[in-house]
K.L.:
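Let me give you the structure first, and then I'll get to my questions.
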Amino acid sequence: SWTFAFAMLFVAPPAGCLAVVVSCSLLVDSIRSKSVLRAAFNASQFALSLAAGSFVGTQITELALKQGQHPTLLWLVAAATASGVAFGLN
């Protein structure tokens, strides 16, 4: 699910999160007897939109850390923007 995948970005490295999401997407699509091309498309779309959201969130968060800030409102903005990018691209 999208909620689980996006929540993983907060606790796991993005590459690990993407690997799990792509693997699960391919597994579920193969269980549901979808074509290989359709399964690959679904997994790719999921991974690309999640990666874009992760990138945006990471950039905003690193900017806050460089300014010496602890978790503030900017971190909430980072999470909201990242989720908007991820869901918007999907």
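What you see is a predicted model, and the numbers here were worked out from it, not measured in a lab.
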K.L.:
Leu37: which other cluster members, linking ILVMFWY side chains closer than 4.5 Å, directly or transitively?
P.N.:
none
K.L.:
Who passes side-chain contact (heavy atoms from CB on, under 4.5 Å) against Val22, sequence neighbours left out?
P.N.:
Leu26, Ala43, Ala47
K.L.:
Name all pairs fulfilling the salt bridge (Lys or Arg N to Asp or Glu O under 4.0 Å) condition that reach into residues 46-55, sequence neighbours left out, sorted by first residue then second.
P.N.:
none
K.L.:
Sub-3.5 Å donor-acceptor pair from the side chain of Ser23 to the main-chain atoms of Ala19, do we have one?
P.N.:
yes
K.L.:
If you look only at pairs with a residue in residues 15-24, which of them pass as a salt bridge (Lys or Arg N to Asp or Glu O under 4.0 Å), with sequence neighbours excluded?
P.N.:
none
K.L.:
What pairs of residues pass the salt bridge (Lys or Arg N to Asp or Glu O under 4.0 Å) test when at least one of them lies in residues 16-28, not counting sequence neighbours?
P.N.:
none
K.L.:
Does anything in residues 30-50 form a salt bridge (Lys or Arg N to Asp or Glu O under 4.0 Å)? List the pairs, not counting sequence neighbours.
P.N.:
Asp29-Lys34
K.L.:
Quick one: hydrophobic cluster around Ile31, which other residues, with the 4.5 Å side-chain cut-off, linked directly or via members?
P.N.:
Leu27
